[in-house]
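We use all heavy atoms of the structure for the numbers below, so side chains are in, but hydrogens, waters and symmetry mates are not.
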Amino acid sequence: MCGTCGCGDGADGGQGVRIGVPGGAGAHGHPHGRSDHGHDGPGHGGQGHGGLDGHGHGGHAHGHAGDGGNRAPGTGPGPEHGRAGDDGETVTLEQRVLAKNDLLAEENRSWLAARDVVAVNLMSSPGAGKTTLLERTVRDLAGLREVAVVEGDQETMLDADRIQRAGCAVVQVNTGAGCHLDAGMMRDALAELAPIEGSLVLVENVGNLVCPALFDLGERSRVVIISVTEGTDKPLKYPYMFAAADLVLVNKVDLLPYVDFDLDRCAEHARSVSPGVRVLPVSATTGEGMAEWYGWVARQYGPDAAVSPAAAH
């Protein structure tokens with residue numbers, strides 16, 4: 001169960017979170033927030049750090065949405081999730097859930113940094129085109145950068161099957177009734193995925209523009225994807241998500257002639273909640289703008305890193 005928003009509160013019949021790979025023996029469950037198999041992943045005694053006590057912190061930490069990254073884990077202003085009653089017990093529970101998640105996220109971040117693995121968390125509403133964007137990215141970057149994918153969905157292996165056919169390693173996380181990935185799920189997924197040194201891990205979060213903004217996974221960067229079919233004012237309606245973004249991709253720009261969408265105004269709205277955030281128009285279908293997306297990804301490894309423009313077919 002997500003103690004912050006209440007998702008997964010017994011609605012999945014007790015199945016819990018399941019981790020699986022396409023073509024495997026089927027998704028297998030882990031107790032929430034930990035993994036008991038012997039993979040070399042965060043919290044498994046691999047290179048980088050050990051358990052929660054005295055671990056190192058690599059990379060940079062994300063604050064929770066709406067705080068500018070400056071407040072302590074699980075405290076301060078943020079979306080008003082579950083403020084029922086006047087005794088503060090629900091608020092305290094939220095703080096504990098987020099604080100525990102932040103500790104696990106720092107383990108993940110340190111583990112990834114020790115291997116020079118860049119993880120990028122892709123967040124959007126359902127249908128914005130995350131999976132299509134990932135398919136094209138995997139194909140276009142083949143031979144330029146080793147890519148692996150963590151797929152987050154409530155049910156099915158459908159997206160993981162698509163990503164595997166695109167040509168890269170993928171792990172599916174089925175959250176059951178849960179509406180977002182968290183750092184514990186990410187740790188289990190990394191243990192299963194075992195990304196190689198210097199690789200790129202792209203995380204497709206559960207389609208949701210609310211709760212994923214609250215939960216740090218230990219990623220290097222966060223990308224919010226919207227499509228031109230969703231409306232120009234989306235950043236104003238979901239400010240916490242866009243405040244958490246390091247990059248905004250406006251997808252499906254090939255449909256602009258057919259929809260009422262103002263790209264410039266949408267970018268203004270995004271920057272009103274996240275000053276200076278970069279907004280890139282792209283089409284995962286036609287390839288428009290994808291070279292700029294690949295360049296942004298490459299720069300997550302350092303300012304001098306680059307991806308050949310030839311990668312954008």
Side-chain angles (χ1 to χ4, degrees), residues 2-8 11 62-69 77-83 94 97-98 101 105 119-134 149-155 159 173-183 185-186 202-217 219 221-253 255 259-263 265-275 277-282 284 293:
C2 167
T4 300
C5 64
C7 71
H62 278 291
H64 296 301
D67 63 4
E80 299 249 342
H81 275 297
R83 260 82 168 163
E94 175 184 333
V97 168
L98 293 176
N101 185 82
V120 178
N121 185 3
L122 305 179
M123 301 176 289
S124 79
S125 58
K130 292 191 303 297
T131 308
T132 301
L133 181 93
L134 283 174
V149 172
V150 176
E151 276 288 343
D153 277 308
Q154 289 187 316
E155 297 293 346
D159 285 354
V173 180
N174 288 137
T175 62
C179 64
H180 57 83
L181 299 179
D182 64 24
M185 299 176 200
M186 181 70 167
L202 297 173
V203 181
E204 180 175 352
N205 216 312
V206 179
N208 182 351
L209 281 177
V210 182
C211 293
L214 284 170
F215 287 85
D216 186 0
L217 306 181
E219 67 269 34
S221 302
R222 291 177 167 187
V223 176
V224 174
I225 303 169
I226 62 172
S227 70
V228 300
T229 59
E230 294 179 69
T232 299
D233 57 0
K234 187 71 72 171
L236 300 180
K237 292 181 176 179
Y238 298 92
Y240 295 107
M241 175 60 74
F242 285 85
D246 297 297
L247 175 72
V248 175
L249 294 179
V250 181
N251 194 21
K252 305 185 184 181
V253 294
L255 299 180
V259 296
D260 181 14
F261 186 90
D262 189 322
L263 186 58
R265 283 186 59 210
C266 182
E268 290 174 6
H269 293 332
R271 294 182 183 119
S272 73
V273 297
S274 181
V277 70
R278 189 173 183 188
V279 179
L280 290 180
V282 300
W293 158 237

* Quick one: pull up CH2 in W293 and CG in L280 and give me the separation to the nearest 0.5 Å. => 9.0 Å
* Verify the distance criterion only: is there a donor paired with an acceptor across the side chains of T131 and D159 at less than 3.5 Å? => yes
* Asked: Heavy atoms, side chains only, cut-off 4.5 Å: are P212 and L181 in contact?
  -> no
* Asked: How close do M186 and L217 get, heavy atom to heavy atom, and via which atoms?
  -> CG-O, 3.5 Å
* Asked: Taking atom CG of L122 and atom CG of N205, what is their separation to the nearest 0.5 Å?
  -> 9.0 Å
* To do: Would you indicate whether the side-chain heavy atoms of V224 and L249 approach each other to under 4.5 Å?
  => no
* Asked: Looking at CE of M241 and CZ of R222, how far apart are the two atoms once the value is rounded to the nearest 0.5 Å?
  -> 8.0 Å
* Nearest 0.5 Å, what's the CG-SG distance between D182 and C211? -> 11.5 Å
* To do: Please examine the side chains of D216 and N101, heavy atoms only from C-beta on, and report whether any two atoms are closer than 4.5 Å.
  => yes
* Structure fact -> All heavy atoms of D153 vs all of V206, minimum pair found to be N-CG2, 4.1 Å
* Asked: Would you say the side chain of T175 lies within less than 4.5 Å of the side chain of M185, judging by non-hydrogen atoms?
  -> yes
* Write down the atom of L98, the atom of L214, and the distance for their closest heavy-atom approach. => CD2-O, 3.8 Å
* Asked: Is a donor on one side and an acceptor on the other found under 3.5 Å between the side chain of N251 and the backbone of A284?
  -> yes
* Non-neighbouring partners of K252 that pass salt bridge (charged side-chain N to carboxylate O under 4.0 Å, His left out), sequence neighbours left out -> none
* Could you walk me through whether V228 and V250 pass the side chain to side chain contact (heavy atoms under 4.5 Å, CB included) check? -> CA-CA 7 Å; V228 300; V250 181; 3.8 Å; yes
* **Atom pair CD/CE of E219 and M123 - distance to nearest 0.5 Å** => 7.0 Å
* What do the steps show when you test D246 against V277 for side chain to side chain contact (heavy atoms under 4.5 Å, CB included), and what is the final call? -> CA-CA 6 Å; D246 297 297; V277 70; over 6 Å; no
* How close do I226 and K234 get, heavy atom to heavy atom, and via which atoms? -> CG2-CG, 4.1 Å
* Which atoms form the tightest heavy-atom contact between S124 and K130, and what is the distance? -> OG-NZ, 2.8 Å
* Nearest 0.5 Å please: distance from the CZ atom of F242 over to the SG atom of C266. => 6.5 Å
* Find out whether Q154 and N174 are in side-chain contact, i.e. whether some heavy atom of one side chain is under 4.5 Å from a heavy atom of the other. => no
* Asked: Residues two or more places apart in sequence or in another chain: which of them pass side chain to side chain donor-acceptor pair (under 3.5 Å) with S125?
  -> E230
* Give the C-alpha distance, both sets of side-chain angles, the deciding distance and a yes or no for side chain to side chain contact (heavy atoms under 4.5 Å, CB included) between L134 and E151. => CA-CA 10 Å; L134 283 174; E151 276 288 343; 3.7 Å; yes
* Under the side chain to side chain contact (heavy atoms under 4.5 Å, CB included) criterion, do T229 and L255 qualify, and how do the steps go? -> CA-CA 8 Å; T229 59; L255 299 180; 4.0 Å; yes
* Could you pull out the closest heavy-atom pair between A128 and I225, with the gap in Å? => CB-O, 3.8 Å
